[in-house]
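Worksheet: one structure, shown below.
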Protein chains: 2
Amino acid sequence: MKIDPNSSADLSVQIAQAIKEAIISGRLIVDERLPSEVELSDHFQVSRPTVREALKRLAAQSLIRTQRGASGGAFVNRLSFEDAYAQQVTTSTLLLSMNAVSFDTACEARYALERACAPLSAQRRSADHLATMRAETFRQGQPGLTDEAFCASDVAFHRALVDGAGNPVLSYQLAGAVEAMQPLMNMITFTARDRAVITGLHSRIADDIEAGDGSAAVAGLQDLEDETRKLAADVFAARAKR
Amino acid sequence: MKIDPNSSADLSVQIAQAIKEAIISGRLIVDERLPSEVELSDHFQVSRPTVREALKRLAAQSLIRTQRGASGGAFVNRLSFEDAYAQQVTTSTLLLSMNAVSFDTACEARYALERACAPLSAQRRSADHLATMRAETFRQGQPGLTDEAFCASDVAFHRALVDGAGNPVLSYQLAGAVEAMQPLMNMITFTARDRAVITGLHSRIADDIEAGDGSAAVAGLQDLEDETRKLAADVFAARAKR
DNA sequence: GACTTTTAAATGTCAGACAAATGATTTCTT
DNA sequence: AAGAAATCATTTGTCTGACATTTAAAAGTC
């Protein structure tokens, strides 16, 4: 691990990069302990605060974890699917909120990806995920649900659909697409009639999954996408008129 | 922005979290300047190095950028699609390499997601992306290409297919799935015959996209997935026998 | 042998200082 | 007066050295 003394980049950036490359390349393996901060500052010929800033950069990316005390130190962290989910969700959410992504674009992406999962979910349909989908569909039919709660339940339904594909890589990739839509969906006020239509489609999709009919589920998702976009278009049109 | 003095969490973590929440909630908007490090250390009643560690954590996630000099400081960063791509790719790569994800699982996820893009790519087929796909297909037919170069070209082909959907959110979501597969693909040694089959399928998919025939492209991708998995299975079987 | 105490090593935090970059201001020159 | 040069103030980047806190292991005690 070396840094370029002629580089104009900040030292802590260079050091973080050097360690990151060592991890990615496999020279540092999971759960391996990094040298202590003093040893690192000695190795890179920088002060301890600088080394610490570099380590904090890596910790922020879940690449390392630190432990205090004797036999403590910084350890290469096994990036868990949970950590990756969380990162993915915040990154996606910020991406959508900061870049003026249109509702249609986000919606298109989300449903395209979900349709990719549907055949697998139908093929591997698990009792667990089906039960979640049924439960959320039922919840959505309850009167007195706030718009936020309805949207949260919607997200839970779709997460179950995605997780039902039984592929953690898919679930991870889609976590962002599904969850990041929630703030956008929360902008929509649903009438009782809107909810009934959506809940009905959910119910139909759950039926299709249970029947193992992937292409029917895909069609159902297509209808749901069309419905969602129509709803959003109405809301935005009404808002523009005011 | 407040921190809990009774919390056992590290101060720099708490401070980073507080600022992060201010950004996500929109209380700090894009390009807004944060208070200077001295002001922050005063506000949170901690030392400057602690504030700096917090800021470095945020910088590592591209949430802020810093600038030196008068009228410098830390600014809320607009998370660009490029930054998000890069994060997504490294996260996905590490996730696959650290979690013993099987080749089949990763492959299944990748092709399921790509098939989600194909109809959109076919519908919006752009000369630019088609040209890239053709160029990469041609390159793959050249003799003397190393396995690494062949795989890199393969990735470029698929990126063009995905980007052709004209949906930046989709491109971002899939960047990880496509690129993270490369290290796994690099483990495979291709015979001339293998390459011919793959290149042929690529060519066929490009034709389908050009013709605007989404479902044919989906079928082509399905064939490509089957071929890839068969190839990988052979390689792993041969390796196990040795 | 089981329990308690001590010790050492590591990270977490602090204080104060200087270096370097950079925009703004002032001063000087023409 | 206009433009160029020098100066200044502000801010981040880095360093030094110290103390606090946590934690596992070693030493001591019963």
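Below, chains carry the letters A, B, ... as their sequence lines are ordered, and counting in each starts from 1. Worth saying up front: this structure is predicted, and the values here are computed from it rather than measured.
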With nearest nucleotide decided by heavy atoms, which residue, Ala70(A) or Val13(A), maps closer to the 5′ end of DNA chain D?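 Looking at the nearest nucleotide for each, Val13(A) comes out on the 5' side.
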Upstream residue (5' side of DNA chain D) when Gly69(A) and Gln45(A) are each assigned their closest nucleotide: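 Closest to the 5' end, via its nearest nucleotide, is Gln45(A).
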Please report the shortest heavy-atom distance between His129(B) and Gly164(B), naming the atom on each side.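 It is ND1-CA, 3.4 Å.
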Which heavy-atom pair separates Met133(B) from Ala160(B) by the least distance, and what is that distance?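 Scanning both residues completely, I find the closest heavy atoms to be CG-CB, 3.7 Å.
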So what does Val46(B) touch, heavy atoms closer than 4.0 Å: a base, only the sugar-phosphate, or nothing?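 Sugar-phosphate only.
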Which part of the nucleic acid does Arg33(B) contact within heavy-atom distance under 4.0 Å: base, sugar-phosphate only, or nothing?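 Arg33(B): backbone/sugar contact only, no base atoms under 4.0 Å.
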Hey, does the Lys NZ or Arg CZ of Arg159(B) hover above the aromatic six-ring of Tyr172(B), less than 6.0 Å from the centre and inside 45° of the axis?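 The answer is no, since Arg159(B) fails at least one limit relative to Tyr172(B).
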Using the side-chain heavy atoms of Leu11(B), tell me which of these nucleotides is nearest: dG13(D), dC14(C), dT11(C).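 Shortest atom-to-atom distance from the side chain points to dC14(C).
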Value in whole Å for how far the [atom2] atom of [N] lies from [atom1] of [X]:
X	N	atom1	atom2	answer
Gln67(A)	dA9(C)	CD	P	18 Å
Glu39(A)	dA10(C)	CD	P	6 Å
Leu40(B)	dG13(D)	CG	C1'	16 Å
Glu53(B)	dT11(C)	CD	C1'	10 Å
Asp10(A)	dA21(C)	CG	P	11 Å
Leu34(A)	dA10(C)	CG	P	13 Å
Asp42(A)	dG17(D)	CG	P	14 Å
Glu37(B)	dT14(D)	CD	P	11 Å

Indicate whether OP1 or OP2 belonging to [N] is found under 4.0 Å from a side-chain N or O atom of [X].
X	N	value
Lys56(A)	dG12(C)	yes
Arg68(B)	dA19(C)	no
Thr50(A)	dC15(D)	yes
Ser71(B)	dG23(C)	no
Arg52(A)	dG12(C)	yes
Ser12(A)	dG13(D)	no

Glu136(A) side chain to Asp154(A) backbone, donor-acceptor under 3.5 Å: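 Checked: no pair found.
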Please state whether the base of dT13(C) and the side chain of Arg48(A) form at least one donor-acceptor pair under 3.5 Å?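 In this structure, the two groups form a donor-acceptor pair.
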Salt bridge or not for Arg229(A) and Glu225(A), using N-O below 4.0 Å?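 A salt bridge links Arg229(A) with Glu225(A).
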